[in-house]
Every structure is written in C-alpha cells, then in structure tokens.
Novice: 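My questions will all concern the structure given below.
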Amino acid sequence: MKKLILILIVFSVAAGSADAQIFKKNASRRAEKGLFGKSRSNSKEAKIKQPRAVTMAVKKQEAKDKKQKSDYDKNIKRSQQRTLDIQTTDVQERMKKNQKETIERDKAKKKNTKTAGRKAGRKYK
C-alpha cells in the first residue's frame, strides 16, 4: 500500500512538471505582438534624399523669397511714410486719426467674427 501511494505521488509530481517548461519559448515575442501588433519588423519607410544641388536650389529660392518679402514690406512702410510727410499738418493729423480708427474697426470686426465662430461651434457640439 505504501509503495502504491508513493508511486502515485511520484507520477502526479512528474506529470505536473512535464508540461511546464522552465523557459517559455516565445513569451517575449507574444508580449511584443500584444503590445505593438503582428510583427516587430521595423516598418519605417526609407527616406529618399534629393540631390545636393536640388536642396541647395530650394534653400536659395526660399532665402530669395524671404528677402523679397521683407524688401516689399520695407518699401510699403517707406511709401506710406513719404505719403504722410508730403501732406500739410492738418491733413497729416486727419490721416493719422483715420489710420487709428481703421485699426480699431478691424480689431472689433476680428473679435466679432471670432466670437460668432465660437457660438456656431458650440451650436453643433
């Protein structure tokens, strides 16, 4: 009887540890699949580099455009200042007053359109 019990205990312990491996073969891979998707292959697309001459030409064109825009802005300011300078003092005062009124009107208009947009946005939420 003792031998039978001993044999049963040995078989039960052996059977329990037979299917349990010490190292799970693909455990890290399975965890990675669960987190990141089906494969861990790097799905980055290769960057296609343009020739150096092309990148230099693009940079040169951007610099030229930037300079042209700043020159245009400077010329506009200079032209406005010259227009103001050649007027008489009363006309200068009136022109300055009109400029201030225009700026205030534009600010108010911008504010109104912004609040109207917010109201419309709330309406369709």
Novice: What pairs of residues pass the salt bridge (Lys or Arg N to Asp or Glu O under 4.0 Å) test when at least one of them lies in residues 78-105, not counting sequence neighbours?
Specialist: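 For residues 78-105: none.
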
Novice: Quick one: list whatever passes side chain to side chain contact (heavy atoms under 4.5 Å, CB included) with Gln99, sequence neighbours left out.
Specialist: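 Per chain and number, Gln99 pairs via side chain to side chain contact (heavy atoms under 4.5 Å, CB included) with no residue.
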
Novice: Counting only pairs under 3.5 Å, give me each side-chain donor-acceptor contact of residues 51-61, with atom names and distances, residues two or more places apart or in other chains.
Specialist:
{"residue": "Thr55", "atom": "OG1", "partner": "Arg52", "partner atom": "O", "Å": "2.8"}
{"residue": "Gln61", "atom": "NE2", "partner": "Asp65", "partner atom": "OD1", "Å": "3.1"}

Novice: Residues sharing Ile76's hydrophobic cluster, by side-chain heavy-atom contacts under 4.5 Å among ILVMFWY, directly or via others?
Specialist: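 Via sub-4.5 Å side-chain contacts, Ile76 links to Tyr72.
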
Novice: Quick one: list whatever passes salt bridge (charged side-chain N to carboxylate O under 4.0 Å, His left out) with Lys67, sequence neighbours left out.
Specialist: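 Partners of Lys67 by the salt bridge (charged side-chain N to carboxylate O under 4.0 Å, His left out) criterion, ordered by chain and then number, come out as Asp71.
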
Novice: Looking at Thr83 and Ser79, would you say the former's side chain and the latter's main chain have a donor-acceptor pair under 3.5 Å?
Specialist: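 Yes.
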
Novice: Under 4.5 Å side-chain heavy-atom separation, chaining through any Ile, Leu, Val, Met, Phe, Trp or Tyr, what else clusters with Leu84? Say none if it is isolated.
Specialist: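 Members alongside Leu84: Val91, Met95.
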
